[in-house]
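Accompanying notes for the structure given below.
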Amino acid sequence: MTERLATEVDSAIAPLTGIRYDAQRFGQDVSRVIAPPYDVLDSADKEALLTQDSCNVVAIDLPHVPPKQAGPDAVYQRAANTFEAWLADGVLMRDPEPGLYLYQQRYTHRGRDFTRTALFARLRLSPLGEGRVVPHEQTFGGPKEDRLKLMQATRCNLSAVFGLYSDPDGGVLAAMGSAGRDPDAVAVLNGVDARLWYVADSSVVARVRQTLAGKPIYIADGHHRYETALMYRDWLAAREGELPDNHPAHYVLVGLCAMEDPGLLMLPYHRTVEHVPLELSELVSRCEPVFTPTDAPVADPEQLADAAARCAPGSVAVVQPSTGASTILVLQRPDVLDDLEPQHGEAWRRLPAAILHRFLIDRMIAPTLSREPVIHYTSVADHAVAVAAETDGLALLVQPTQMAQMRAVCQTGELMPQKSTFFYPKLATGLVINPLY
């Protein structure tokens, strides 16, 4: 059936026969066995999740901490053994036929209620920038090595790439149709209510795939997971010979959401630069006339970030806890990178994150430091200021990247600076697993 559906329409999206926690054993509510994405967890987080339930997916999805580098082979083999034991014991079960999985997240952010609707599917792999899959930021080797060893051991995608597509008319979810029944699984994770429906109706699957056919898929989160899937496919082909066109290794698990979904939030990704010796007043002087200062109306970091967000695009609030000084630098010259970075396209040069790094950090702050800038990233303004206080640094409270800005850069084939976007909420891990065999 998978092979028949895969050839019905020219679509990068295909159904999967997902692996899920057995509803007979765990019931509909799987809160205690799902987890946040592996790359936001530390050892304490892992231990807390396993204390909650020894069958929590983190036992196999995070065998090595931190996952920024590969661990010893034994930890990945242990994860694979655990995974196989869960399948054999009925902790996990494989759905009987290929389907798509409707995924809804309901949450409250800063006093407002949101609902975001996505679907889990398989995404056909193609080299980034050469097919329909479009990246938006750079990746680094260490995390890919960790994920590759885990994929080789378990032969699964345990956590999903987060992908975006443009659908202003809502055609994809209309094709998916209303679930019209109770969800197959529910969960609460970090204050986010999740609901999941397994949809195996072949006519619905074909209709959704047809609606998505030809649409570019923009990677929002999970660049490392996507590139690791490419590496796994090539590794498997080198070991076993040319893979059949319908082999599962040609695909990766993806959670797809429309760019226009009202529940899709892009939060700011604030920066803290450690050990900055110059006074804030000196930085202000160095930045003029590209940036001009305005009085910071409040001391609360979150309110200060909000105030900066209401200023001209590219403006940034700066806090220096060691002196108690703060200001908002209002961008006056959005073309400042035209002469400084002529090798980049106009969309990239106008990107606030690019101006922040290439002008404010690299040219105004970095020359005053005794070493390469050490930068911390967080979506929480209070945390950025707290880190600045601990490290005698500067907190840079930035505006969130806009979807149109990200899309404009992606369409030129360029990559945004690291951590230019923070999509919220994250996709939960453990609701559905994609087997690669």
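Considering all non-hydrogen atoms of both residues, A187 and D29 come closest at CA-OD1, 3.9 Å. The two residues P425 and G263 come nearest to each other via the heavy atoms CD-O, 4.4 Å. Closest of all the heavy-atom pairs between C410 and H136 is SG-CB, 3.3 Å. For P268 against V398, the heavy-atom pair with the smallest separation is CB-O, 3.2 Å. Heavy-atom minimum distance, V188 versus S31: N-OG, 2.8 Å. For A175 against V208, the heavy-atom pair with the smallest separation is C-CG2, 3.9 Å.
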Report, one line per pair, each donor and acceptor closer than 3.5 Å where one atom sits in a side chain of residues 52-61; sequence neighbours left out.
| unit_1 | atom_1 | unit_2 | atom_2 | d |
| --- | --- | --- | --- | --- |
| Q52 | NE2 | R32 | O | 3.2 |
| D53 | OD1 | C55 | N | 2.7 |
| D53 | OD2 | R32 | NE | 2.5 |
| N56 | OD1 | V58 | N | 2.9 |
| N56 | ND2 | R32 | O | 3.0 |
| N56 | ND2 | I34 | O | 3.0 |
| D61 | OD1 | R147 | NH1 | 3.1 |

Contacts under 3.5 angstrom, residues 231-243 side chains, donor-acceptor by atom type, not counting sequence neighbours:
none

Between side-chain atoms of residues 383-396 and protein atoms elsewhere (two or more places apart, or another chain), which donor-acceptor pairs fall under 3.5 Å?
| unit_1 | atom_1 | unit_2 | atom_2 | d |
| --- | --- | --- | --- | --- |
| H383 | ND1 | T378 | OG1 | 3.3 |
| T391 | OG1 | V387 | O | 2.8 |

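Between P400 and L267 the shortest side-chain heavy-atom distance does not fall below 4.5 Å. At least one side-chain heavy atom of Q28 sits less than 4.5 Å from a side-chain heavy atom of P183. Side-chain contact between L41 and L49: present, with at least one pair of heavy atoms (C-beta onward) separated by less than 4.5 Å. Taking the side chain as every heavy atom from C-beta outward, Y165 and V172 approach each other to under 4.5 Å. With contacts defined as side-chain heavy-atom distances shorter than 4.5 Å, the pair L196/D184 does not qualify. Contact check for L283 versus L360: side-chain heavy atoms found under the 4.5 Å cut-off. Residues Y103 and L427 form a side-chain contact, since some pair of their non-hydrogen atoms from C-beta on lies under 4.5 Å apart. Put simply, the side chain of Y226 reaches to within 4.5 Å of the side chain of L123, judged on heavy atoms.
Within the 3.5 Å criterion, the main-chain N or O of G314 finds a donor-acceptor partner in the side chain of Q399. With hydrogens and angles ignored, the 3.5 Å screen pairs no side-chain donor or acceptor of Q405 with any backbone N or O of L351. No donor-acceptor distance shorter than 3.5 angstrom exists from the side chain of T272 to the backbone of H376, with no hydrogens or angles considered. Between the side chain of W348 and the backbone N or O of L415 there is at least one donor-acceptor pair closer than 3.5 Å. Under a 3.5 Å cut-off, the side chain of Q320 and the backbone N or O of L278 do form a donor-acceptor pair. Of the possible polar contacts, none joining the E84 side chain to the T82 backbone as a donor-acceptor pair under 3.5 Å is found. A donor-acceptor contact shorter than 3.5 Å links the side chain of E414 to the backbone of G345. With hydrogens and angles disregarded, a donor-acceptor distance shorter than 3.5 Å links the side chain of R349 to the backbone of H344. The closest donor-acceptor contact from the side chain of D261 to the backbone of T117 lies under 3.5 Å.
One finds a salt bridge joining E341 and R363 here, because a Lys/Arg side-chain nitrogen approaches an Asp/Glu carboxylate oxygen to under 4.0 Å. Salt bridge R106/D113: absent, no basic N to carboxylate O contact under 4.0 Å. Salt-bridge formation is detected for the pair E274/R371: a Lys NZ or Arg NE/NH1/NH2 atom is positioned less than 4.0 Å from an Asp or Glu carboxylate oxygen.
The CD1 atom of I217 sits 9.0 Å away from the CZ atom of R132 when rounded to the nearest 0.5 Å. For the atom pair CD of E227 and CG of L125, the computed distance is 11.0 Å after rounding to the nearest 0.5 Å. Rounding to the nearest 0.5 angstrom, the gap separating the CG atom in D201 from the CZ atom in R207 is 7.0 Å. L62 contributes atom CG, which lies 7.5 Å from atom CG of D146 (distance to the nearest 0.5 angstrom). Annotation: the span from Y76 atom OH to T154 atom OG1 amounts to 11.0 Å, rounded to 0.5 Å. Atom-to-atom distance recorded for C156:SG and I433:CD1 is 6.5 Å, nearest 0.5 angstrom.
Atom CD of Q343 has more than 12 heavy atoms from other residues, nucleotides or ligands within 6.0 Å.
Seen from the ring of F422, K426 counts as a face-on cation partner, given the 6.0 Å and 45° thresholds.
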TODO: Before giving the answer on salt bridge (Lys or Arg N to Asp or Glu O under 4.0 Å), spell out for D306 and R110 the whole-Å C-alpha distance, their side-chain angles and the decisive distance to 0.1 Å.
DONE: CA-CA 12 Å; D306 288 344; R110 304 189 71 173; 2.6 Å; yes
Task: Chi angles and distances behind the side-chain contact (heavy atoms from CB on, under 4.5 Å) call for D39, D221 - done: CA-CA 11 Å; D39 52 358; D221 270 337; over 6 Å; no
Open item on the list: Assess the residue pair D193 and V186 against the criterion (side-chain contact (heavy atoms from CB on, under 4.5 Å)); give the C-alpha distance rounded to whole Å, side-chain angles, the decisive distance to 0.1 Å, and a yes or no.
Closed with: CA-CA 7 Å; D193 290 311; V186 299; over 6 Å; no
Task: Derivation and outcome, side-chain contact (heavy atoms from CB on, under 4.5 Å), residues Y107 and N190 - done: CA-CA 9 Å; Y107 62 98; N190 295 338; over 6 Å; no
Task: Working for side-chain contact (heavy atoms from CB on, under 4.5 Å), residues Q418 and I375 - done: CA-CA 11 Å; Q418 182 187 15; I375 303 174; over 6 Å; no
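Relative ring orientation between Y101 and Y198 is described as parallel, the plane-to-plane angle staying below 30° on a 0-90° scale split at 30° and 60°. Using the six-membered ring where Trp is involved, Y21 and F26 have ring planes that are perpendicular, over 60° apart on the 30 and 60° scheme. Relative orientation of the Y377 and H357 rings is parallel, given thresholds of 30° and 60° on the angle between their planes.
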